[in-house]
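I have placed the structure first, in the form of C-alpha cells, so that the comments after it can refer back to it.
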Amino acid sequence: TASPEFGMTTTTESRLYGVTPNPWSTGHTTGGSSGGTAAVVAAGILPVGHASDGGGSIRIPAAHCGLFGLKPSRGRVPAGPGALDGATGLSVNHVISRSVRDTALLLDLSAGPEFGSRVRPPSDVSRGYLEAMHQPERKLRIAVWRKNYFGIPVHAECLEAVDKAAKACEAMGHFVEEAMPELPVNEIFGGMGAGMSAGLLSAIEYREKQLGRAVREDEMEPLNWAALQAAKKASALDLYRSRAGFDKAGQLIDAFLSRYDLILTPTTVVPAQKLGALRLDQPYESYAAEAMNSSAFTSLFNISGHPAMSVPLHWTADHLPVGSHFVAPFGGEGRLLRLAAQLEQALPWAHRVPDLSALKA
C-alpha cells in the first residue's frame, strides 16, 4: 500500500521503499500517488482501497492498473476532522476499486460534511449513490477532448481508449461531439505548484514539531526538498493568486458544462510509463516532462473541483490497461456512477485480471 513521498509524483517509487511494480507488467509504473492501493486491488489482495487525488492520484493509478477510480467533487468527502481541505482544495479522498458498485457504496459511507466544513457540493442523487447507479440514465450530451491545454501529443493507445468510450456511449444513445472551451492556461495552472507545495510545507512543519528538530535534506527526495525550499519563499500573494486561478477554472468549466452533461478525455497522455521515468531524484526538467504525460488531463479538475472518473475500457496489445476519463458538473457523482454502471455492463472489465503467476517472487 505504498505511495511516493508526500504523494508528490504520479508513480509509486521512493528511495526509502523502492518501487511498486504494476501487476500487469512489472517493468511499468502503477501510477501515483495511490499506486500501492491500485497494485493490491489489481492483484486481488483487496477489493477496494483508500486513495487520495490532488492532481490525478486516484484516476491515474486506476487507469494504469485496469481499475475504476472516481475523484469526488471538492468537499464531498472531507479529510477531517484534523484537516477539512487538502492541499488548498486540490486534494480529495476516496477509493480505487474493481467494481462501480464498491465505489458507490464507499461514497455512501464516507460522503458528508465534518463539523466546520464550508464547501458542500450539491448532490444529484436522492437516496444514495449505490441506488442511483442502478437508475436509468437520460440521454447525455458528451463533449470529447482529444487534445490537452499544453499541446502535448496524445499516444495512439490513449486516443483509442477515448474512441472506444465514445462509441460505447453513442451505442447507448448518448450524443457525443468534439468541443473544448478556451481557457487562460497560465492563470489557471500557474498556481498549482504553490498550492501543492504549501500543503507540503505545512506537513513538514508539523513533522518537525513532532521530532523536535528540523528536517534534513538527506531525509527527503531531492525534488521534494526543492519544492519545500520554494514553498518557504512563496508569498501570501502567490497563494491568493493560486486560489483565484482555481476559482477561474471552476467558473469557466461550469459554464462549459451548462451546455454539456459530461466531458470525455484520455486519462493520461501516454500508457503507463517505465519505472524510473518519474522518480523524484532526477533533474526537474526531465521529471516535469514525464509528469505532464501523466497529469495533463486530470489535474485541471483538481484545480476546478469537478468530479471525474477513470474507467478501464481498453488494453494495449502488450496487456497494459489504458483509462478513459469522464468529468461531470460540480456535485455530479451520481451521473458519473450511472454512466460507469452502463459502461461496466456494456464492456465488462472485472474478469480481466493480471497473470500473477508470471511475476517474479
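If you're wondering where the values come from, they're calculated on a predicted model, not measured in any experiment.
Between the side chain of R59 and the main chain of T298, a donor-acceptor pair closer than 3.5 Å is present. The main-chain N or O of P136 is never found under 3.5 Å from a side-chain atom of R338 such that the two would form a donor-acceptor pair. R243 places a side-chain N or O within 3.5 Å of a backbone atom of T88 that can act as its donor or acceptor partner.
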Residue pair N302, S299: steps toward the side chain to side chain donor-acceptor pair (under 3.5 Å) verdict | CA-CA 5 Å; N302 295 87; S299 60; over 6 Å; no

Go through the steps to decide whether Q342 and E137 satisfy the test side chain to side chain donor-acceptor pair (under 3.5 Å), and finish with yes or no.
-> CA-CA 9 Å; Q342 286 185 317; E137 182 58 273; over 6 Å; no

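With a 6.0 Å radius and a threshold of 12 heavy atoms from other residues, nucleotides or ligands, Q210 has its CD atom above the threshold. Around atom CZ of R279, more than 12 heavy atoms belonging to other residues, nucleotides or ligands sit under 6.0 Å away. Annotation for E182: atom CD does not count as buried by contact number, only 12 or fewer foreign heavy atoms lying within 6.0 Å.
Relative orientation of the F301 and H306 rings is perpendicular, given thresholds of 30° and 60° on the angle between their planes. In this pair, W145 and Y149 present their aromatic rings perpendicular. The plane angle is above 60°, beyond the 30 to 60° band.
Under a cutoff of 6.0 Å and an axis angle of 45°, R352 and W315 form a cation-pi pair.
With a 4.5 Å cut-off on side-chain heavy atoms, F189 and L300 count as touching.
A salt bridge between R141 and E177 is present, with a side-chain N of the basic residue lying under 4.0 Å from a carboxylate O of the acidic one. At a threshold of 4.0 Å, the pair E219-R213 counts as salt-bridged, since one of the basic side-chain nitrogens sits closer than that to a carboxylate oxygen. For K233 and D238, the salt-bridge test fails: no basic side-chain N is under 4.0 Å from an acidic carboxylate O. For the pair R138 and D261, the salt-bridge criterion is met [side-chain N within less than 4.0 Å of a carboxylate O].
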